[in-house]
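Down below is the structure, laid out as structure tokens.
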Amino acid sequence: MTTVDHSPRPGAAPVGRMLLAQTAFETRMLLRNGEQLLLTVVIPTVLLVLFSAVDVVAVAGPGKRVDFLAPGLLALAVLSTAFTGQAIATGFERRYGVLKRLGASPLPRWALLTAKTGCVLVTEALQVALLSAIALALGWSPHGLDTPSGALAVLLLLVLGTAAFSGLGLLMAGTLKAEATLAAANLVFVLLLLGGGVVVPLAKFPGAVRPVLEALPISALSDGLRAVLQTGAGVPWGDLGVLAGWAVLGLAAAARFFRWE
Amino acid sequence: MDAHPAVEIAGLVKRYGAKAAVDGLDLRIERGTVTAVLGPNGAGKTTTIETCEGYRRPDAGTVRVLGLDPVRQAGELRPRIGVMLQSGGVYAGARAAEMLRHTAKLHAHPLEVDALVERLGLGSCGRTTYRRLSGGQQQRLALAMAVVGRPELVFLDEPTAGLDPQARHATWDLVRDLRRDGVTVVVTTHYMDEAEQLADAVAIVDHGRVIAQGSPEQLCRGGAESSLHFAGPAGLDLGALTKVLPDGAAAVELAPGSYRVDATPLDPQLVAAVTAWCAAAGVLPEKLTVQRRGLEDVFLELTGRELRS
């Protein structure tokens, strides 16, 4: 029989190594999960290809159909990973005692949350690369990326959108039961997909509800991305402001109400 | 190594709403020992352990683990302790070996994962995801995660609950290895044989307090060393039986038809006296045994026999 020497030699790994290990591990768990991949990869890809090729939704603005759709589906990619995917995964980690057990490990809580953010960013980078490649193949001609301010605005929109959706997703995961999070996060995903300017222009909605829809983080993100990438407009300060507001609200509420057990 | 005891708890109180789960508990655990915390369900074992692990903030009293405050000095304490929760703690989609390898990466000088996997008999399920492992395999993985970082002090919360005998023995062997190598182990259990097999020290907890503490031998020494047990018809006249026994001997009906006779010394004459009385009364004593007093007897005497909800 194997003997193992258990004589104590305690110590935390260097925090950089822990962060890297946790980020890699969380990303591996996410990419292995079939339901998560459906949400983050399959649905945005299918919608992009389908609606670019088939005239079932009325698009708006200049350019081809794909020029309207690509920015919306980039926004959906951020929603699917930072909000829906993260809320569901974290909700079940909380339910199965994973967060509790990690709380007794050398990994500090801030490092766990940083690793979760890292996992979201890695996944989003993969999504953006995949969706952009498909959109370009479909004839997408994005504007605004040739100027530093346009490229910076796109990056800032993606980062603030990620922060806003992460705060809301963690708030849900840290307060509701895992099953409730699963149901609610999927419902919110569908509602925001339909009512957040992702594939349906907000101009199609009645004037009475439009101000409410325009204040949603998904609308700000899809509208902001479209302003730069479809029309080549300058920095969309209004949309950035809406996203920043949601990010502060969501992250503050998550920090206040999140329960680890 | 510093001179602080592994665990030092004084006057710990922890309330959930109006109910005190822990109510003035004192406990000192020396380094290098295996200590069993025994108690009925709801006695406050898990709350006490989780306070030591830094999960709960005491409402009153002090808790020091390796000389540190588990809440305020958590960052310093956590790398030095190993924790096995009562259940869960593993990503549902993680494979057993992969989860252990990841846990090892959070520590500076972890054990060699492959050797630990083999030692705990997890080799055959290394590529199986957690949710598909059997209950025993899940428990052993959680145990492996508690020790892989080479901690000084390990907390195991009911590590063998629901395990088959082979898996229980594998767990016990690992605990003995830990003691051999100088690791302090605190284990909660409600299996008496587990405490008798493993523990250098036993603390019996009930209603949120430690009601008895000592080595298993010390705890079993109080009261009668041995007793005579037999089964027969319910409702025998024990007053009549006691009259034929030496002074100081006592007979009780533990449950209908189940009898215990305590006497010091418990000698062959006593057995003869009991069987002679049975013969005269026309009673056939079944399952007649002379037993050394065990931890279970001590435990039941101290905590009572009524079931806890």
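In what follows, chains are A, B, ... by sequence order, proteins preceding strands, each numbered from 1.
- Inter-residue side-chain proximity for A:Glu26 and B:Tyr91 is flagged as met; some heavy-atom pair is nearer than 4.5 Å.
- Among residues 172-192 of chain A, no residue has any heavy atom closer than 4.5 Å to a heavy atom of chain B.
- For the pair B:Leu174 and A:His6, the minimum side-chain heavy-atom distance is below 4.5 Å.
- B:Arg15 CZ: 12 or fewer foreign heavy atoms inside a 6.0 Å radius.
- For a residue to count as touching a neighbouring chain, one of its non-hydrogen atoms must lie under 4.5 Å from one of that chain's; by this rule B:Glu112 does not touch chain A.
- Note: B:Arg78 leads B:Met145, B:Arg78, B:Met84 in heavy-atom pairs under 4.5 Å with chain A.
- B:Arg57 CZ: 12 or fewer foreign heavy atoms inside a 6.0 Å radius.
- Here the closest heavy-atom approach between residue B:Pro79 and residue A:Ala12 is recorded as CB-N, 3.6 Å.
- There is no contact between B:Gln86 and chain A, counting heavy-atom distances below 4.5 Å.
- Salt bridge annotation for B:Glu152-A:Arg9: absent, with no cationic side-chain nitrogen under 4.0 angstrom from a carboxylate oxygen.
- Heavy-atom distances place both the backbone and the side chain of B:Leu106 under 4.5 Å from chain A.
- The closest donor-acceptor contact from the side chain of B:Arg150 to the backbone of A:Ser7 lies under 3.5 Å.
- Neither the backbone nor the side chain of A:Arg95 comes within contact range of chain B; no heavy atoms are under 4.5 Å apart.
- Annotation: side chain of B:Lys105 is not in contact with side chain of A:Gln22 (no heavy-atom distance under 4.5 Å).
- For chain B, the nearby parts of A:Met18 are the backbone and the side chain; heavy atoms of each come within less than 4.5 Å.
- Atom CE in A:Met29 sits 8.5 Å away from atom NE2 in B:His102 (nearest 0.5 Å).
- Within residues 98-116 of chain A, the residues approaching chain B closer than 4.5 Å by heavy atoms are, in numerical order, A:Val98, A:Lys100, A:Arg101, A:Leu102, A:Gly103, A:Ala104, A:Ser105, A:Pro106, A:Leu107.
- Only the backbone of B:Val90 comes within contact range of chain A, with at least one heavy atom under 4.5 Å from a heavy atom of that chain.
- At a threshold of 4.5 Å between non-hydrogen side-chain atoms, the residues A:Val4 and B:Asp177 do not count as touching.
- Using a 4.5 Å cut-off between heavy atoms, B:Arg95 touches chain A through backbone and side chain atoms alike.
- Heavy atoms closer than 4.5 Å to chain B are found nowhere in A:Asn33, neither backbone nor side chain.
- Of all the heavy atoms in A:Pro10 and B:Pro151, the pair that sits closest is CB-CA, 4.4 Å.
- For the set A:Glu261, A:Glu93, A:Arg32, A:Arg17, the entry with the most heavy-atom pairs within less than 4.5 Å of chain B is A:Arg32.
- To the nearest 0.5 Å, the span separating OG1 on B:Thr103 from CZ on A:Phe25 amounts to 7.0 Å.
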